[in-house]
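Heads up, the thing below is written out as structure tokens.
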Amino acid sequence: MSKVSELVFAPEWDRPVPYIDRTRSYYLGLGYDNPYVWAHYTEVPFSPLRKPLNQSVLGLITTAVPYDSQKGDQGPGAVYNAAAKFYKPYKHSIDADADLRIAHVGIDRKNANMADSNCWFPLGAAKQAQKEGRIKALSHHFYGLPTNRSQRHTLEIDAPIILEMLRADHVDVAVLIPNCPICHQSQSLLARYLEAEGISTVVMGAAKDIVEYCGVPRFLFSDFPLGNAAARPHDPSSGRFNFELALRLLESAPVPRTTVQSPLVWSSDPSWKLDYSNLERLSKDEVARLREEAEQARITARELRMNSVGS
């Protein structure tokens, strides 16, 4: 009998991180006994391109926030900074300097890069696509969507404001780039809303389970740490590659719920996927410290939200 070669499989954990389960276990472990209910739909709106991309105006929608030096540390390595959160949609000229930060959201602080903004905001790649004629133009502004735990507020307040901004700039198609788990849900809800209003969308994200559980028309999944869904750090070619994949998905998706996975790999060692919100990797002292930090962040965010939108 010939010797059968040993089967060589990838490690069990080398798969998309299960963020819904991971965050649920994390907050239960911190003592919060009311698990968050994630948005979930079975039907998904779908708006095919109304004209070719080279005749279309494209808008970028981010959950990152313009840097404000008065709101504390938001640079590389910064801890979660609830004081830097925003609760109202914004727009910003694409021709002005845009220093966007992600310290206000729950990104993967151990593995994600917080210095290279191309990792979370593909403005450079979008401008290159315009220069090459892949799109007719970028909209005069890019747009900021708040990271909102209230699905109702996102759909009834924030989404209509973003839609009005897009229509004022004659946007035909939109690329949505989320960062943290709730960002992925908020952008997914917005994508659904915009599609129902006739604007074709694609989400460029890193939390596959959250986006697909919600249900979106088109999703470019990059198996990267949360906060770096657009590109690998200091690798402009990866950003251009992923953005082109997003454009092709806009052109070619035949039906809603079309997901394409980028072939780009974050690291040859997939063990980084075990880190995010994983209580099994934390000591009791670390869990106690994180519980205290989470409670303080919750109080800060609540006060900021009350001062911003009143509820």
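Start at 1 with the first residue, then count along the sequence.
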Does any part of the side chain of L60, heavy atoms only, come nearer than 4.5 Å to the side chain of L123, both counted from C-beta?
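Yes; the side chains approach each other to less than 4.5 Å.
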Under a 4.5 Å cut-off applied to non-hydrogen side-chain atoms, are F46 and T258 in contact?
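Of all side-chain heavy-atom pairs linking T258 with F46, none is under 4.5 Å.
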Test side chain to side chain contact (heavy atoms under 4.5 Å, CB included) on I210 and I20 and set out the steps.
CA-CA 7 Å; I210 294 172; I20 291 177; 3.6 Å; yes
Check: D269/S271 side-chain N/O donor and acceptor closer than 3.5 Å
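A donor-acceptor contact under 3.5 Å links the two side chains.
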Using distance alone, with no hydrogens and no angle criterion, decide if T63 and N179 have a side-chain donor and acceptor under 3.5 Å apart.
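Distance-only check passes for T63 and N179.
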Atom [atom1] in [X], atom [atom2] in [Y]: separation rounded to 0.5 Å?
X: N228; Y: I177; atom1: CG; atom2: CD1; answer: 13.0 Å
X: C183; Y: I102; atom1: SG; atom2: CD1; answer: 9.0 Å
X: K85; Y: K71; atom1: NZ; atom2: NZ; answer: 11.5 Å

Compare every heavy atom of [Y] with every heavy atom of [X], then report the nearest pair and how far apart it is.
X: D223; Y: W272; value: O-CZ2, 3.3 Å
X: P89; Y: I162; value: CB-CD1, 3.7 Å
X: P11; Y: P270; value: CG-CG, 4.2 Å
X: P76; Y: A115; value: CG-CB, 3.7 Å
X: N111; Y: P225; value: CB-CG, 3.8 Å
X: L28; Y: D33; value: CD2-CA, 4.0 Å

Joint cluster assignment, L49 & I199, ILVMFWY side-chain distance < 4.5 Å
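They do not share one cluster, since no chain of ILVMFWY contacts under 4.5 Å joins L49 to I199.
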Before you tell me yes or no, could you show the steps for W266 and R232 under side chain to side chain contact (heavy atoms under 4.5 Å, CB included), namely the whole-Å CA-CA distance, both residues' side-chain angles and the distance that decides it to 0.1 Å?
CA-CA 7 Å; W266 182 260; R232 293 183 298 211; 4.2 Å; yes
Students often mix this up, so state it plainly: with edges at 30° and 60°, are the rings of H141 and Y143 parallel, tilted or perpendicular?
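It falls in the tilted class, 30° to 60°.
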How are the rings of F142 and Y90 set to each other: parallel, tilted or perpendicular (split at 30° and 60°)?
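Ring orientation, 0 to 90° scale: perpendicular.
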Option among P181, S188, C214 that satisfies the side-chain contact (heavy atoms from CB on, under 4.5 Å) test with W38
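Looking at P181, S188, C214, the match for W38 under the side-chain contact (heavy atoms from CB on, under 4.5 Å) is P181.
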L220: which of V175, L247, V203, L245 passes side-chain contact (heavy atoms from CB on, under 4.5 Å):
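The passing option is L245.
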Charged N to carboxylate O below 4.0 Å: is that the case for E244 and R248?
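So E244 pairs with R248 through a salt bridge.
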Which residue pairs pass the side chain to side chain donor-acceptor pair (under 3.5 Å) test when at least one of the two sits in residues 112-123, sequence neighbours left out?
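Side chain to side chain donor-acceptor pair (under 3.5 Å) check on residues 112-123 returns D116-N118.
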Evaluate the side chain to side chain contact (heavy atoms under 4.5 Å, CB included) criterion for residues V216 and T201: first the C-alpha distance (whole Å), next the side-chain angles of each, then the deciding distance (0.1 Å), finally the verdict.
CA-CA 9 Å; V216 299; T201 67; over 6 Å; no
Indicate yes or no for a side-chain donor-acceptor contact from [X] to the backbone of [Y] under 3.5 Å, with no hydrogens or angles considered.
X: Q261; Y: T259; answer: no
X: Y36; Y: I182; answer: no
X: E195; Y: S47; answer: yes

Does K91 have any side-chain hydrogen bond (donor to acceptor under 3.5 Å, both in side chains) partners at least two apart in sequence or in another chain, and if so, which?
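Scan of K91 (side-chain hydrogen bond (donor to acceptor under 3.5 Å, both in side chains), adjacent residues dropped) gives none.
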Salt bridge (Lys or Arg N to Asp or Glu O under 4.0 Å) partners of E12, counting only residues at least two apart:
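E12 satisfies salt bridge (Lys or Arg N to Asp or Glu O under 4.0 Å) with R15 only.
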Cation-pi check for Y276 against R22: NZ or CZ below 6.0 Å from the six-membered ring centre and within 45 degrees of the axis, yes or no?
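Cation-pi check for R22 and Y276: fails.
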Set out, in order, the CA-CA distance, both residues' side-chain angles and the distance that settles salt bridge (charged side-chain N to carboxylate O under 4.0 Å, His left out) for R101 and D99, then state yes or no.
CA-CA 7 Å; R101 306 292 180 96; D99 183 1; 2.8 Å; yes
